[in-house]
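Indexing begins at 1, ligand by ligand and atom by atom, following the structure's order. This is a predicted model, so every value here is computed, not measured. The first residue of the sequence shown is numbered 1, and numbering continues consecutively from there.
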Amino acid sequence: MTNVFRCLSLVFLLSLNVAAVAANDDERSTRAIENRQGLLKVTGHYMGPIVGMARGQIPFDADVIAHHATQIGHLTGMLPDLFRMDTRGSSAPTEAKGIIWDNLEDFAAKAKTSQDRAQALVAATSEGKGPTLKAFGALGNSCKGCHDKYREKK
Ligand code: HEC
């Protein structure tokens with residue numbers, strides 16, 4: 001009787017452990033998804049004023065663009081780290097396509113392209129408005145280049 005009881009409680013404890021591990025995995029995925037979305041929201045935050053300048057809605061300011069592009073270079077450099085965790089199967093809402101984790105090298109290369117173009121934009125700010133806006137267009141295209149392949153369309 002005692003043995004049966006011990007055995008049953010062991011089974012019970014083991015099943016609790018499995019549930020705890022599963023919950024932790026899901027929590028880790030949710031955190032990873034929130035973190036990478038936060039990174040991209042901040043990236044969007046730095047893009048916004050440059051978009052406004054490109055559209056002529058706010059005055060062109062090369063110093064502001066240089067600062068924002070510097071930050072965008074740092075942020076896009078973090079993308080491969082923040083997407084390292086394969087979150088396929090997570091229930092948290094995400095626009096990231098599962099194929100990212102079959103193509104991590106290509107994903108990282110696309111992040112590097114954005115990083116390089118952000119740095120090129122910093123350099124272009126010393127050449128005047130025309131070259132700056134051209135370099136900004138190239139940066140924007142690099143965002144789109146990754147989104148077209150790896151982000152669900154809304
Ligand atoms: C290497 C791929 C890649 C690059 C480069 C990239 N993105 Fe994204 N972006 C994604 C993916 C994937 C998502 C969806 C993430 C999710 O929902 O988990 C996303 C989502 C976003 C979001 C929505 C974030 C949210 O959840 O509210 C913004 C804003 C964004 N990207 C802006 C940019 C800008 C601006 C650039 C260029 C400077 C850029 N991205 C470059 C892959 C990329």
Side-chain angles (χ1 to χ4, degrees), residues 15-154:
S15 65
L16 271 187
N17 269 340
V18 169
V21 168
N24 282 342
D25 271 355
D26 204 41
E27 276 166 31
R28 272 205 301 275
S29 297
T30 302
R31 248 199 319 275
I33 290 169
E34 288 172 353
N35 286 346
R36 74 192 183 212
Q37 289 173 343
L39 174 72
L40 287 155
K41 282 190 177 108
V42 176
T43 307
H45 162 85
Y46 280 106
M47 287 290 277
I50 317 181
V51 173
M53 290 179 205
R55 290 181 182 159
Q57 294 162 337
I58 47 178
F60 181 83
D61 185 330
D63 290 341
V64 170
I65 296 179
H67 172 62
H68 283 224
T70 302
Q71 305 295 50
I72 294 166
H74 294 316
L75 293 160
T76 49
M78 296 175 201
L79 282 170
D81 291 341
L82 277 272
F83 273 91
R84 192 147 295 142
M85 185 174 180
D86 183 343
T87 56
R88 280 178 287 202
S90 163
S91 54
T94 175
E95 292 170 7
K97 289 189 185 168
I99 53 162
I100 289 171
W101 294 280
D102 299 323
N103 298 280
L104 274 180
E105 271 182 35
D106 179 56
F107 188 83
K110 287 185 161 37
K112 178 80 167 60
T113 301
S114 277
Q115 187 180 24
D116 290 346
R117 291 188 185 176
Q119 287 162 354
L121 173 56
V122 177
T125 56
S126 60
E127 294 162 25
K129 188 169 172 180
T132 300
L133 292 185
K134 191 165 174 241
F136 179 58
L139 173 62
N141 282 337
S142 74
C143 310
K144 188 177 179 321
C146 188
H147 292 170
D148 283 350
K149 189 163 176 193
Y150 294 118
R151 183 183 178 188
E152 298 288 354
K153 291 195 179 36
K154 277 191 264 186

**Contact atoms of ligand 1, heavy-atom distance to Thr94 under 4.0 Å** = 16 (C), 17 (O), 18 (O)
**Asked** Which residue and non-hydrogen atom of the protein lie closest to atom 25 (C) of ligand 1, and at what distance in Å?
**Response** Lys41 CG, 3.8 Å
**Request:** Measure the distance from atom 35 (C) of ligand 1 to every protein heavy atom, then report the residue, atom name and distance (to 0.1 Å) of the closest one.
**Result:** Met47 CG, 3.3 Å
**Asked** If you measure from CD1 on Ile100 to NZ on Lys97, what distance do you get to the nearest 0.5 Å?
**Response** 9.0 Å
**Request:** Return each pair, listed once, that meets side chain to side chain donor-acceptor pair (under 3.5 Å) where at least one residue sits in residues 126-140; pairs must be two or more places apart or across chains.
**Result:** none
**Request:** Would you tell me whether Ser29 and Thr87 have side-chain atoms, one donor and one acceptor, within less than 3.5 Å of each other?
**Result:** no
**Prompt:** Looking at Phe83, which atoms of ligand 1 are within less than 4.0 Å of one of its heavy atoms?
**Reply:** 11 (C), 12 (C)
**Request:** Please state whether the rings of His68 and Tyr46 are parallel, tilted or perpendicular, taking 30° and 60° as the class boundaries.
**Result:** perpendicular
**Asked** Which atoms of the protein, restricted to N, O or S, are nearer than 2.8 Å to atom 8 (Fe) of ligand 1?
**Response** His147 NE2
**Message:** Only heavy atoms of Tyr150, strictly under 4.0 Å: list the atoms of ligand 1 that pass.
**Reply:** 12 (C)
**Asked** Can any side-chain N or O of Asn103 pair as donor or acceptor with the backbone N or O of Asp106 at less than 3.5 Å?
**Response** no
**Prompt:** Got the closest protein heavy atom to atom 5 (C) of ligand 1, with its distance?
**Reply:** Ser114 OG, 3.3 Å
